[in-house]
Structure formats: C-alpha cells, structure tokens
Amino acid sequence: MRAIYKRELKSYFYSMTGYVFIAFVTMFIGIYFMATNMLGGYPYFSYTLGAILIILLIAIPVLTMKSMSEEHHSRTDQLLLTSPVSLWSVVMGKYLSMVTVFAIPMAISCLCPLIIKASGTAYLAEDYGAILTFFLLGCVYIAIGLFISSLTESQLIAAAGTFGVLLLLTLWPNLISFIPTSARDSLIGLLLLLTLLAFVLYRLTGCAPLSFGLEAVGAAALAAVYFYKKSLLDRALTHLLGKIVLADVFNTVVNDHILDLGGLLYYVSAAFIMLFLTVQTIEKRRWS
C-alpha cells in the first residue's frame, strides 16, 4: 500500500492537479476568511468553512476523477488486478493519497483561528472542532468520488457524476420535503428502495438468489407492518432518507458550536462503506 500511496501522491503534483486543488481551496478559504472574520468581525472560523462548503462540490470531482478511471482507460488496472497486492491496499493507497492532498489546505486553515485570536476574541476549541468535521466530510466526498471513478473509464464522466451526486446530497434536505408522508406512499417508496438495493447487491455479488431473496423477505416484512400497524410507516420514508443528509453533522457544529462525536463516527462509517463498494466494484471487474 505504501508504494501505491507514494506513486499516487507524486502523480498529483507531477500533473499539477494537486497544486491546482490546493491553491483553489486555499484561495476561497482566504477570501471568505477575510470577508467573514477579518472584515465582518465574526469570531467563529466555522462560519467561513460553512460558506465554502459549496466549493467542495467543484474541487473534489477534479481531485478524484482520475483516481480509478485513468487506470481503467489505460488498461493499467490489469496490472493492479493481477499483482500480489490486495485490492484493499490498492484502494486505500489511492484514497489516502487524495486525503493527503486535501489535508494540506486544511492544515493551512488551522492558522486562521490563531489569527482571529491575535486580533481579538476567538473560540479555538469550536473552530478546530469545525475544521476536523469539515475535513472528515471532505474525506467522505473523496470516497464517493473514488467509487464513482471506479465505475467508468472516462474522467469527464467520473467528474460529472461526482459533482451530480454531491450536488444531490447538498440539495437533499430540500428535496425530501416534497416526498409524500402517508403510510401508503412510504410503503411504495421503501419497496422501490429495497428493489434498488437488491439490484446493487446483485451487481456487486452476481448472486441472484441472495439479492432477490433478501428483497422478498424485506417486502414481506414491510407488507406485514403496513397491514397490521400502518401508523409505523407514517413519515417512515422521509425519516429514513433524512438520515443520509451528510452536511447535517457539520452544520450542527457551525450553527450550534457543538462537536458531535456520533456524527464524526457517521462520517468515518460512510467513507468506509464507499471504499468497500469501490473494492467490490473492482473485484467484480477482476472476475468478469
């Protein structure tokens, strides 16, 4: 894994992608820091991070678009698939190299709370908690971009797909407000989600009995709940979909200045799930 990590990290700076990413993120941190904290007089650096969250929607796809798609396009992924190195080592080496690039502007931003303190009142614990949360949220976004990059050999499609998914996650709280909340509508929505999950499981494992067997069991359980205690399904779909709003944990830190340790664990778990799906996607390609 170390060799892959070093190779990938060097490639980001040989191709200027790393420099452009670091300069782009650092520039917007500096702009919003000056406008919000220095000129606006806000003592919390977390407000600046909240303002530049939208910048990650542009920066992360640029960073992750070539992570796996370039290997697939140039067919060098065949060397990785046949090498004695485990797929987890390959994926983790690539992932950690991107996390390292992202960590550089985050390390630079750690100076901002100290500048605020030198100028007046500062809340260092809250600000550094916000930086940590923002960093982990970015790590989840990177894991999502890595997964999407593993699905295609086109860097442009990988970048566009990552941007689309991140934009959808950003707009998600507003979108779910349009979803009907009745028990019947929740049942239909949950059945559709169950079918989608079964299809994804089938695509990853190739085992139809397992995938559609689990779907049948889940559908029977939902039907039983609907007929015996319909009230349990009221707003069930919106409550479930609301759990995947990634930015909520970070927004809690920004607005309430409270570090949510459970939320940090949620970010780590979400990144792990995306890395697992990436490994499964590559594993399927190995045997196909």
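Note that the structure is predicted; figures quoted are calculated from it, not measured.
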F13 atom CZ, neighbour heavy-atom count above 12 within 6.0 Å: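 Result for CZ/F13: enclosed.
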
Within-4.5 Å side-chain heavy-atom neighbours: [X] and [Y]:
X: M98; Y: Y12; result: yes
X: L49; Y: D127; result: no
X: L132; Y: V253; result: no
X: P113; Y: I131; result: yes
X: L137; Y: V249; result: no
X: E215; Y: F199; result: no

In Å, rounded to the nearest 0.5 Å, how long is the span from [atom1] of [X] to [atom2] of [Y]?
X: L275; Y: I144; atom1: CG; atom2: CD1; value: 10.5 Å
X: F212; Y: T195; atom1: CZ; atom2: OG1; value: 8.5 Å
X: S150; Y: K94; atom1: OG; atom2: NZ; value: 11.0 Å
X: C139; Y: I60; atom1: SG; atom2: CD1; value: 8.5 Å
X: M274; Y: S269; atom1: CE; atom2: OG; value: 13.5 Å
X: L57; Y: L166; atom1: CG; atom2: CG; value: 5.0 Å

What pair of heavy atoms forms the shortest contact from [X] to [Y], and how long is it?
X: I142; Y: T64; answer: O-CG2, 3.8 Å
X: K117; Y: L124; answer: CD-CD1, 3.7 Å
X: P105; Y: V101; answer: CD-O, 3.1 Å
X: F45; Y: C112; answer: CE1-CB, 3.4 Å
X: I116; Y: P43; answer: CG2-O, 3.7 Å
X: F135; Y: M106; answer: CD1-CG, 3.8 Å

Check: E126/S46 side-chain N/O donor and acceptor closer than 3.5 Å: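 Per modelled atom types, E126 and S46 side chains form no pair under 3.5 Å.
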
Short side-chain donor-acceptor distance under 3.5 Å, Y95 and S67: no

From CA spacing to verdict: side chain to side chain contact (heavy atoms under 4.5 Å, CB included), I108, I29: CA-CA 9 Å; I108 296 173; I29 290 176; over 6 Å; no

Would a hydrophobic clustering, with Ile, Leu, Val, Met, Phe, Trp and Tyr connected at side-chain separations under 4.5 Å, put [X] with [Y]?
X: L265; Y: L261; result: no
X: I31; Y: I52; result: yes
X: F272; Y: L146; result: yes
X: L111; Y: Y44; result: no
X: L187; Y: I179; result: yes

Evaluation steps, side-chain hydrogen bond (donor to acceptor under 3.5 Å, both in side chains), between D234 and S182: CA-CA 5 Å; D234 287 333; S182 67; over 6 Å; no

Using only atom types and a distance under 3.5 Å, with no angle test, would you say the side chain of [X] pairs donor to acceptor with the backbone of [Y]?
X: D256; Y: I258; answer: no
X: S97; Y: Y5; answer: no
X: S11; Y: E8; answer: yes
X: T133; Y: G129; answer: yes
X: T26; Y: A23; answer: no

Pair K66-S15, side chain to side chain contact (heavy atoms under 4.5 Å, CB included): steps then yes or no: CA-CA 11 Å; K66 77 181 188 68; S15 65; 4.2 Å; yes

Y47 and its ring-ring contact (aromatic ring centres under 6.0 Å, His included) partner, picked from Y123, F33, F134, Y42: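 For Y47, the ring-ring contact (aromatic ring centres under 6.0 Å, His included) test succeeds with only one of Y123, F33, F134, Y42, which is Y42.
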
Sub-6.0 Å ring centroid separation between F24 and F21: no

M68 and Q155: CA distance, side-chain angles, deciding distance, side chain to side chain contact (heavy atoms under 4.5 Å, CB included) verdict: CA-CA 9 Å; M68 293 303 304; Q155 295 186 34; over 6 Å; no

Residue pair N37, I115: steps toward the side chain to side chain contact (heavy atoms under 4.5 Å, CB included) verdict: CA-CA 10 Å; N37 300 113; I115 297 174; over 6 Å; no

